[in-house]
2 protein chains.
Amino acid sequence: MKPTIYSVAEEAGVSISTVSKVINQTGHISERTRQKVIEVMAQLNYHPSVVASALTGKPTKTIGLLVPDISNPFFADLARSIEDRSHERGFHVVMCNTDNDAEKEKKYLSLLIRQRIDGLIVASAFRNANLLKNMLKQDIPISVIASEIPHISVNTVTVDDYKGSYLATDYLLSLHHKKIAIITENAKSNHARLDAFREVMQENGIIVPPQHVITTEASIQKGYESAKQIFSMKEKVTAIFACNDLLAIGVMQAAKELKIDVPQDLSVIGFDNTVLSTTITPMLTTVAQPTKEMAVNVVDLLVREMKYPAMHKEHLLLEPKLIVRKSTAPLRREATASTNN
Amino acid sequence: MKPTIYSVAEEAGVSISTVSKVINQTGHISERTRQKVIEVMAQLNYHPSVVASALTGKPTKTIGLLVPDISNPFFADLARSIEDRSHERGFHVVMCNTDNDAEKEKKYLSLLIRQRIDGLIVASAFRNANLLKNMLKQDIPISVIASEIPHISVNTVTVDDYKGSYLATDYLLSLHHKKIAIITENAKSNHARLDAFREVMQENGIIVPPQHVITTEASIQKGYESAKQIFSMKEKVTAIFACNDLLAIGVMQAAKELKIDVPQDLSVIGFDNTVLSTTITPMLTTVAQPTKEMAVNVVDLLVREMKYPAMHKEHLLLEPKLIVRKSTAPLRREATASTNN
DNA sequence: TTGAAAGCGCTAACAA
DNA sequence: TTGTTAGCGCTTTCAA
């Protein structure tokens with residue numbers, strides 16, 4: 001049998017409330033009994049049950065985390081940092097991979113409610129904001145990271161996607177590229193990136209033909225396919241802005257296969273600055289998100305809201321940073337992204 | 001207020017035990033009341049509390065997962081699959097990154113015990129097997145994946161490391177390489193890989209000088225540093241067997257920096273078959289682990305043990321597979337891994 | 001087919 | 001400073 005507060009009390013010759021007090025460091029107990037109780041707890045290898053304690057209304061010390069897919073290195077990094085910070089703050093995290101699938105979102109949310117999580121961190125786009133509203137109604141605080149969910153009032157931590165995209169686009173323009181395609185994911189964060197791209201292009205008097213805007217899912221494979229699609233068009237392109245590193249990697253693989261030299265014949269720029277951007281050849285120019293900082297902030301905001309539910313919501317916008325590496329180069333006059341034969 | 005079983009009972013005009021029965025599909029209740037109760041639950045947006053249910057002795061439906069580091073794509077893949085399978089089986093998972101650090105292992109274990117997890121999956125080397133024994137004493141079943149922990153009797157799912165290493169080494173030998181260095185991590189799984197390497201080499205009459213065996217931690221950086229160290233030795237090497245992909249990537253980066261051509265001047269072989277092996281140039285020859293299959297099996301074994309605690313322990317050994325790509329080539333007579341100047 | 005009630009391990013108010 | 005006790009939301013036995 002697992003030791004309970006009763007076993008400890010009995011063994012130590014005190015009452016359970018005394019034991020409870022030394023566990024929680026509440027009330028006043030003499031140093032002598034305190035020591036005795038601590039000793040007995042260690043000896044019995046007693047670990048107070050969060051389950052029982054939670055039933056009395058105390059927190060479960062659990063944070064739910066919804067990510068699209070932990071195999072995406074960007075989310076792996078994010079999850080890692082969120083976990084570290086959560087542990088530092090005394091919480092542990094239950095992670096769920098939604099694949100941006102509405103069914104899974106629903107299922108996991110219900111699961112998490114049943115588990116009585118103290119708070120929820122959402123790192124994935126959310127199709128059904130109503131489900132989230134239900135959580136809010138159940139007094140479960142929510143913080144959103146690297147994403148945005150319309151119509152609900154929650155704490156939010158994002159990188160300035162608009163600015164990041166501006167940085168990327170502007171850099172490409174400074175390299176004299178004019179025919180630039182963009183591959184985006186259908187997620188809120190990517191909308192800002194697309195908007196910024198369009199505006200900067202327009203400001204520079206460049207019209208982006210609709211076929212140069214491809215919307216797809218975040219994966220190397222999709223990046224590869226999108227690139228193939230772009231390369232097959234009549235209207236050639238000299239640069240591609242992929243809205244995340246996974247897509248960018250796919251683009252580079254497609255280019256390689258078609259013997260399109262990056263960066264000589266095609267400049268590629270990514271977003272996220274994951275490991276992949278430094279292991280690919282040539283190394284990827286990309287926009288870095290301060291994942292660590294973002295993670296610390298979401299956790300802290302969430303924990304703050306658990307303590308002070310009434311507090312106003314915060315919307316943190318962190319600075320992206322353009323990391324110039326080797327996948328981008330100035331436009332060569334003759335360059336076109338066509339196959340070599 | 002969150003709805004409770006009482007609110008539902010009252011609203012539906014029945015007793016709480018009736019509600020409980022319809023939730024758990026136990027006992028006999030008329031279709032009519034059943035429908036009524038279900039209706040009320042939906043209307044009240046009621047989600048039964050796992051916390052309360054667990055207090056009565058039922059499972060918490062929580063599995064603890066200890067991984068070294070989720071930023072390592074191998075563990076990210078593994079974690080993803082473990083989670084998917086756990087969800088399928090009705091459990092959710094609490095993940096903890098140990099960094100193979102004894103302090104963290106201890107801290108997280110205590111955390112998980114307090115949370116009353118139903119079972120634990122260990123994917124990390126474990127310095128302190130006694131802590132795990134304590135869990136076993138508390139009747140918390142443990143399954144180990146991609147690792148092995150001496151002196152404790154638990155279910156185990158691993159790839160056949162010995163065979164994987166044999167495959168890799170043998171392949172290198174078939175390419176006529178004789179001067180092969182190996183970079184390993186100080187973890188149980190890697191010991192088998194090192195042993196196999198040594199034996200195969202010996203069988204072929206090749207003596208591996210001690211300086212050609214480097215033990216370090218699993219990271220790109222460490223792989224890079226180890227490679228630098230190897231390249232600086234008097235005794236040149238024509239191939240490097242890195243015991244995981246991260247290390248192999250580091251090796252390739254170091255080689256590139258020193259203008260050592262892979263695979264012409266140096267063959268590199270990895271282990272794990274992560275994304276990185278297909279995004280690096282040249283693509284990495286590596287040994288694939290069937291992560292998905294492994295994940296499904298650990299979860300299933302763990303769940304089985306929860307149900308039938310007395311059952312004998314199983315030790316699953318899955319087949320590795322050599323994936324030949326572009327980082328390995330036959331030995332050129334003149335080749336030595338030296339810098340080009 | 002339904003309900004009453006004890007108990008799971010703990011917290012917190014209150015009493016001693 | 002310590003102990004008694006009611007309750008947290010549920011399950012389960014037993015009775016009706």
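Side chains are part of it too, since the values below use all heavy atoms of this structure and drop only hydrogens, waters and symmetry mates. Chain naming here is simple, since letters A, B, ... match the order of the sequence lines and numbering starts at 1 in each. Here the structure is a predicted model, which is why all the values come from computation and not from measurement.
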* Inspect the contact between A:Asp300 and A:Arg85 and indicate whether a charged nitrogen and a carboxylate oxygen are less than 4.0 angstrom apart. => yes
* Structure fact -> Counted 5' to 3', the first and last nucleotides of DNA chain C within 4.0 Å (strictly under) of a heavy-atom of chain A are C:dG9 to C:dA12
* Asked: Salt bridge between A:Lys104 and A:Asp99, side-chain N to carboxylate O under 4.0 Å?
  -> yes
* Structure fact -> A:Ile29 CD1 to D:dT1 C1', in whole Å, measures 9 Å
* **Pair B:Arg80 + B:Glu83: basic N to acidic O under 4.0 Å** => no
* **With A:Val50 via side-chain contact (heavy atoms from CB on, under 4.5 Å) - residues at least two apart** => B:Arg114, B:Gln115
Output a table of donor-acceptor pairs, distance under 3.5 Å, between side-chain atoms of residues 134-144 of chain B and any protein atom two or more places apart or on a different chain; print 'none' if there are none.
{"from": "B:Gln138", "atom 1": "NE2", "to": "A:Asn45", "atom 2": "O", "distance (Å)": "3.1"}

* **Side-chain heavy-atom pair B:Glu305, B:Val154 within 4.5 angstrom cut-off** => no
* Could you grab the distance from atom CZ of A:Phe75 to atom CG of A:Leu65, nearest 0.5 Å is fine? => 10.0 Å
* Quantified as the angle between the terminal helix axes (five pairs each), what is the overall bend of the helix from C:dT1-D:dA16 to C:dA16-D:dT1 to 10 degrees? -> 40°
* For residues A:His92 and B:Tyr108, establish whether the separation of their ring centroids is below 6.0 Å. => no
* Quick one, give me the B/S/- string for nucleotides 4-13 of chain D, reading 5' to 3', where B means a protein heavy atom under 4.0 Å from the base and S means that only happens at the primed atoms, P, OP1 or OP2. => BB-BBBBBB-
* Structure fact -> For B:Ser153, the side-chain contact (heavy atoms from CB on, under 4.5 Å) test, sequence neighbours excluded, returns B:Lys313
* Salt bridge flag under 4.0 Å for residues A:Glu103 and A:Lys106 -> no
